[in-house]
Amino acid sequence: MTDLAKAYTPHDVEGAIYERWLAADVFAPDGSGSTADPDLPPFTIIQPPPNITGSLHLGHAQRTAVEDLMIRHARMRGHRALFLPGLDHASIAAQFVLDGILATEGESRESLGRDRYLERMREFVATTREVMLGQQRRVGGSFDWSRLRYTMDEGSATAVRVAFERLYRADLAYRTEALVNWCPGCRTSVSDLEVVGTPETGTLWSVRYHVIDPATGRPSPGETITIATTRPETILGDTAVAVHPDDPRYTSLVGRLVRIPFAERDVPIIADDVVDPAFGTGAVKITPAHDHDDHETGLRHGLAAPTILADDGSVAGTGTRYDGMDRFEARAAIVADVEAAGDLVAAVPHEMVIGRCQRSNDIVEPRLKTQWFIRTTPLAQRALEATRSGRTRILPERFEKTWEHWLTDIRDWNVSRQLWWGHRIPAWYCPDGHVTVSSEEAGPDACAVCGRAAVELQQDPDIFDTWFSSGLWPFSTLGWPDDTADYRTYYPTSVMETGYDIIFFWVARMMMLGLQLTDREPFHTVYLSGLIRDPLGQKMSKTKGNVVDPLGVIDEAGADALRFALIHGATPGNDQRFGPAKLEHARNFANKLWNATRFVVGARPATIPEGAERRLPDAHHLGPAERWLMSRAAATTKAVDAAMASYAFGEVTRLVYEAIWNEYCDWGLEFAKVRLADERLGQEEREATWWTLVEVLDTYLRLLHPVMPFVTEALWAALPHRVTDPDLLIVARWPGVGEADLLVERDVTLLIDLVGEIRNARASARLPASDWLETLLYVPVELGPTFEALRPAIERLARARPLQRELTPEALGAAARPGDLTVIVAGGQIEAAVRPKTTDDDAGALERDRLTRDLSEAEGWLSAARERLANESFVSRAPAAVVDAARAREAELTDQVEKLRDRLER
RNA sequence: GGGCGAUUAGCUCAGCGGUUAGAGCGCACGGUUCACAUCCGUGAAGUCACUGGUUCGAAUCCAGUAUCGCCCACCA
C-alpha cells in the first residue's frame with residue numbers, strides 16, 4: 001500500500017511498482033495477469049530496436065513513452081496489447097564503437113582477424129545489452145519481456161536467410177558489378193542513404209590534354225583539349241573525354257584520340273548529351289570506375305573502366321609513381337606535376353557537394369564492386385499502393401509526400417557490406433562462378449548450377465546491410481517464416497512509431513519487404529515523432545556535449561515526469577526542445593496529483609470504514625458541486641477519447657492536466673472540503689461527496705495512467721476499488737463516458753466566476769487577503785438552489801461573510817453603501833456588493849479605476865458584437881445557433897455596460 | 001534545382017473556420033486557512049511574420065513574399 005503520509009518521491013514509488021507489474025505478469029497479452037478480452041482484435045507495437053552498443057538517450061525515452069502510452073491505452077481498453085522489445089546489432093555502428101575500443105588497446109580488425117574479432121564483439125555486446133534493457137525498464141515501458149528479440153538471434157538469422165532466398169528466387173535480389181559508395185574509412189560500401197551530401201568549397205582545375213595526331217600516333221603539337229575536374233587524381237582512370245555533340249568548339253575533335261597524362265593512355269574524344277557545354281570548359285574527362293555519371297557514359301560508349309583505388313583509398317594498380325599514395329596525396333602530386341608540365345590552365349575555388357560517410361565522415365568514393373542488390377522498383381510500387389489506398393496511413397500526413405517522392409525515384413539497394421559483424425550473405429560461389437543461394441543454416445549441399453560438391457563452394461565473405469534484418473523486424477520477431485501462433489495473432493502489427501529521420505532507412509524497407517514476403521502491410525499506421533532538441537533548439541549530439549541522459553532525469557524527477565514532459569505539448573513530426581523547465585512542470589504535476597490523492601484518502605468520513613468496498617455515490621444525495629465534478633469528468637473522458645483516436649497525445653495531457661489541476665483540485669476539492677465539514681448535512685450527503693471525489697479521481701487516474709504509469713498506479717492502490725476491479729491499474733478498464741449535466745455545469749460555472757470576480761475586486765482594491773468581508777448579493781431565483789447548496793463554500797472561497805442575499809437587483813442597490821466594491825457577473829445575472837472594513841479615498845479611487853477599466857473593456861466588446869449583428873449577411877447566412885449566441889452575448893454586454901455606468905455615476 | 005516545415009504573450013509551445021486567441025515558465029502584487037510553497041490568489045503582457053484573395057466570419061482555408069530550419073537531387 002502506498003504511504004501517502006510521505007511527500008512525493010518518485011524514486012521510491014517507481015522501483016517497486018515495476019517489480020509488481022512484472023510479478024503480476026501483466027505485460028504479456030497472454031500472461032497470467034492479463035485481463036484482455038479475446039474477442040477484441042489485438043493491438044501490437046514492435047518497438048524500433050535500439051542499438052545494442054548504445055545507451056539510452058532522450059530520443060529512446062520519447063519513443064518508449066509514446067509507444068507505451070498507446071500500448072497501455074489499448075490494454076486498458078481490453079485489447080491483447082503486445083509491446084515487443086528488442087535490440088539491434090547495428091552492424092556498422094557497433095563495429096565503429098568496437099574499433100575505437102580496440103584502437104586504445106593497440107589492436108585492430110586486421111590484427112585480430114575475423115573469428116577473434118567476432119568473438120570480441122559478442123563479449124562486448126553481452127556487456128552492453130543489459131544496460132539498454134535496464135534503461136527501458138526505468139522509463140516504464142510495459143514490454144512483454146518474454147518475447148524479447150535481437151536482430152542477431154537465431155530467429156532473425158533464419159528470417160534473413162529465408163527472406164534473401166525468396167527475394168533471389170523472385171529475381172528481386174541480384175549480384176552484379178556496379179558502382180557503389182565506398183567508404184575508405186569504414187572499408188565497406190554503404191547505401192545511398194548513408195552518404196551525406198556536405199557543401200564544401202573545393203577547387204575546379206582545368207587541365208590541358210594533348211590530342212593525338214593520327215598520322216604519327218603521337219601528341220600533335222598545338223592540338224589540345226582542356227577538361228575541368230575537381231578530382232585530378234581520377235585522371236589516372238580516364239578512358240575518354242566527352243563533349244556535347246552540338247558544341248561547335250569541339251566538333252572537329254570528336255572521334256580523335258587524346259593522351260591521358262601520367263597514365264600515358266590514348267583514349268577517344270566522344271560526344272554525349274550529358275555534357276553541359278556551359279560548365280567549365282565544356283569538355284569532361286570520363287572515369288567510368290569512379291564517377292556515377294561517367295559510369296553511365298562509359299556503358300553507353302563501351303569504355304573500359306579501370307579501377308585506380310584500393311580499399312583504403314590509396315591509388316593502386318595504375319603503374320604510375322602515384323601508386324600507394326593516399327588519394328588526396330596523389331591529387332596534390334598530380335596537380336603539381338600537371339603544373340610543372342605547363343598543362344594546368346586554371347584552378348578556381350568551386351562550391352560543391354561532397355558525399356561523406358554518415359558514420360566515419362570520410363569522403364565516399366564511387367567504386368566498381370561486384371555486390372548484391374535488391375531490386376526496389378517493384379517493391380516500392382507495392383509500398384506506394386499501400387499508402388495510396390489508405391491501407392497504411394502515415395502521420396502526420398505531410399510525410400506521405402516525402403514518402404511518395406522517395407519511393408517513386410528509388411534506386412536499387414546495395415545490401416552487401418564488407419564488414420564482419422552481421423548476417424553473412426547466404427550465397428555460395430563455385431569455381432566456375434555459379435551462384436547458389438540457400439537458406440539452409442549449413443549452406444547448400446552442392447552448386448545449384450553444376451552440382452559441384454559443397455566443399456568446393458565459397459560463401460560470400462560479405463554481410464548484409466544492418467537495415468536488411470531491421471526491415472524484417474515486424475514479422476521476424478513474431479516467428480516468421482514459420483506460421484506460428486504469434487504470427488497469426490499479432491501480425492500485421494498496429495502502429496509503427498519512430499522518428500521521421502529513419503522513414504527511408506527503416507519504415508520504407510519494412511513496408512517493401514513486409515509486403516513482398518508476407519503479402520500484408522506490416523502495420524496500418526506509421527506515427528512519426530519529432531526529434532528532441534536541446535533548449536537552444538540544437539540537435540543533441542555527443543560532440544556538442546548537450547546530450548541529456550534520461551536516467552539522470554529519471555533519478556531527479558521521475559520517469560512519470562520525464563514521460564509527461566516528452567508527450568505534453570508535442571505534436572507528431574515536429575521537433576521539440578527539451579529542458580529543465582518542462583521537466584519541472586511535469587514533476588510539479590505529479591506532485592499535485594499525489595497531494596490531491598493524499599487529501600481525498602485522508603478526507604474519508606468516519607462513517608465509511610477504512611477498506612470499505614467501493615460505492616457509487618448515491619445520486620439522491622449529490623450536491624451541485626458533485627454533479628458538476630461528475631459531468632466534467634464525463635466531458636474530459638470524451639475529449640480524451642477523441643484526442644487518443646486522432647493520435648493527439650499532447651492534447652491528451654493538456655486535457656487531463658487541466659481537468660485535474662484547474663477543475664478537480666482548484667474547485668472540486670475546495671467545494672468538498674466545506675461540504676465534508678458541514679455538520680448540518682446528513683451522513684449520506686457527506687458520504688456521497690466523498691464517493692464522488694473517489695469516483696472522479698479514479699477516472700482521472702485511469703485517463704492519466706498511459707502517460708504517468710507509476711504515480712497513477714501507486715495512487716490508485718490507495719483508493720477503494722470496485723469488486724470488479726483487478727488489483728492493478730495497469731489492467732483496469734479505461735473509463736466509459738458518463739452522463740453530461742449541462743445545466744449544473746452552467747450554474748456552477750457562474751458561481752465559480754462569482755468567486756473569481758469577488759477575489760479580483762478585493763485584490764484590485766488592495767484589501768487584506770485574510771479579511772472576512774460582509775457581502776450583499778443578488779442571485780436570480782433559478783440559480784437559488786444551486787447557490788444555497790454551495791453558499792458555505794462560496795463564503796469561504798471568497799472570504800465573504802456574512803453573505804446576505806437580496807431578492808432583487810433593486811434591493812441590492814438600495815442596501816449597498818457608497819464604498820462597497822461592485823461585482824457584476826455575466827451581465828448582471830449575479831451581482832454583489834463587497835463591504836471593506838474601512839473605507840478610505842485610496843480604496844475608492846482603486847475601485848473606480850477597476851470599474852472604469854471593466855467598462856471600457858465591455859464597451860469595446862459590445863460595439864464589436866453590435867457591429868456584427870448589424871451586418872445583414874451575418875444574420876442571414878451564419879448558422880442560427882451562432883446568431884443566437886451573438887444576440888445573447890450582446891444582451892449580456894448591454895446589461896454589463898449599463899450596470900457599470902450606473903455604478904460609476906453614483 | 002525540387003519538396004516540406006516553422007513564423008502566435010519576454011521564452012518554450014498548444015490551438016488550425018465561429019462569441020472576448022490559450023498553457024507552462026518568466027514577470028508584478030498579495031498570501032504561514034488543517035492535500036500540496038514542487039503551493040494558493042490576483043494581475044500585466046499578443047495589429048497570431050508580411051501582402052493579397054475566398055467567406056456573413058480567417059491565427060485557422062487559398063495564392064504570393066520574407067526570414068529560419070529540415071529533407072531530397074549525378075552537373076564534372
Side-chain angles (χ1 to χ4, degrees), chain A residues 4 7-8 197 204 227-231 234 242 274-276 278-281 283-287 291-296 350 352-353 355 366 396 398-399 401-402 404-406 409 500-501 503-504 531 535 537 557 568-571 573-582 584-603 648 650-651 654 657-658 662 665-666 669-670 673 677 756 759-764 766-770 796-797 799 857-858 860-861 864-865 868 871-879 881-883 885-886 888-890 892-893:
Chain A
L4 288 171
Y8 171 57
L204 185 65
I227 56 88
T229 181
T230 55
R231 292 186 298 158
T234 61
V274 288
V275 181
D276 174 3
F279 186 89
T281 61
V284 189
K285 60 192 271 314
I286 303 295
T287 321
D291 183 275
H292 287 99
D293 268 353
D294 292 2
H295 185 64
E296 297 293 312
H350 181 60
M352 51 202 251
V353 178
R398 65 183 141 89
F399 279 98
K401 274 192 188 167
T402 319
E404 280 274 336
H405 185 250
W406 191 75
D409 294 333
Y500 65 75
D501 53 335
I503 182 169
F504 305 136
L531 272 33
H568 189 62
T571 42
N574 287 339
D575 295 352
Q576 58 174 320
R577 299 179 196 205
F578 186 90
K582 284 181 184 176
E584 196 174 313
H585 174 232
R587 186 211 43 189
N588 291 355
F589 180 47
N591 183 61
K592 183 76 176 178
L593 193 64
W594 178 274
N595 283 304
T597 308
R598 170 150 82 164
F599 169 76
V600 171
V601 170
E651 179 72 0
R654 211 204 91 235
Y657 178 93
E658 275 187 8
N662 304 122
C665 291
D666 285 355
L669 294 185
E670 296 305 324
K673 278 177 190 171
R759 285 169 169 174
N760 177 351
R762 293 172 50 127
S764 299
R766 316 225 164 175
L767 300 182
S770 53
R796 174 170 141 161
L797 294 175
R799 289 186 93 73
E857 201 179 353
W861 293 330
R868 197 153 174 243
N871 182 345
E872 181 56 37
S873 311
F874 172 70
V875 178
S876 59
R877 298 215 194 184
V882 174
V883 177
R889 176 75 188 142
E890 187 215 10
E892 196 175 277
L893 284 166

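Each chain gets a letter, A, B and so on, in the order its sequence line appears, and its residues count up from 1.
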Fill in: Separation of the P atoms in B:C48 and B:C61, to the nearest angstrom
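Approximately 15 Å lies between the P atom of B:C48 and that of B:C61.
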Under 4.0 Å between any heavy atoms, over every strand shown, what does [X] touch: base, sugar-phosphate, or nothing? Just pick one.
X	result
A:Thr571	sugar-phosphate
A:Lys401	sugar-phosphate
A:Glu404	nothing
A:Arg759	sugar-phosphate
A:Asp666	sugar-phosphate
A:Pro768	nothing
A:Arg598	sugar-phosphate
A:Asn871	sugar-phosphate
A:Lys285	nothing
A:Phe399	nothing
A:His350	sugar-phosphate

Fill in: OP1 or OP2 of B:G43 under 4.0 Å from side-chain N/O of A:Asn760
yes
Worksheet item: Reckon A:Asn588 has a side-chain N or O less than 4.0 Å from the OP1 or OP2 of B:C39?
Response: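 Affirmative; the distance criterion is met.
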Fill in: Considering all heavy atoms, the nearest A:Ala596-A:Leu669 contact
CB-CD1, 4.0 Å
Worksheet item: So what's B:A35 paired with, Watson-Crick or G-U wobble, going by both distances under 3.5 Å?
Response: none
From [options], pick the nucleotide closest to the side chain of [X]?
X	options	value
A:Asp293	B:A14, B:C71, B:C74	B:C74
A:Arg799	B:U33, B:A35, B:G24	B:U33
A:Ala581	B:C71, B:C25, B:A76	B:C25
A:Val353	B:G18, B:A73, B:A35	B:A73
A:His405	B:C72, B:G30, B:C36	B:C72
A:Ala596	B:A35, B:G5, B:A73	B:A35
A:Phe279	B:C75, B:C71, B:A14	B:C75
A:Arg868	B:A35, B:C75, B:G18	B:G18
A:Tyr657	B:G30, B:C13, B:G24	B:G24

Fill in: CZ/A:Arg766: more than 12 non-hydrogen atoms of other groups inside 6.0 Å
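Count not over threshold, so no.
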Worksheet item: Just how far, in rounded Å, is C1' of B:A6 from CZ of A:Arg398?
Response: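 Checked: the CZ to C1' distance equals 9 Å.
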Worksheet item: Roughly, in whole Å, what's the span from CZ in A:Arg654 to C1' in B:G22?
Response: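 Checked: the CZ to C1' distance equals 8 Å.
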Worksheet entry | A:Gln576 (side chain) and B:A14 (base): donor-acceptor pair under 3.5 Å | no
Worksheet item: A:Lys592 versus A:Asn588: any side-chain heavy-atom pair under 4.5 Å?
Response: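 Answer no - side chains too far apart.
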Discussion item. Is any side-chain heavy atom of A:Thr230 closer than 4.5 Å to one of A:His350?
Written reply: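 Sidechains of A:Thr230 and A:His350: in contact.
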Fill in: Residues A:Glu670 and A:Lys673 bridged, charged N to O under 4.0 Å
yes
Item to complete: Using the six-membered ring wherever Trp is involved, compare the ring planes of A:Phe589 and A:Tyr657 and label them parallel, tilted or perpendicular (cut-offs 30° and 60°).
Response: tilted
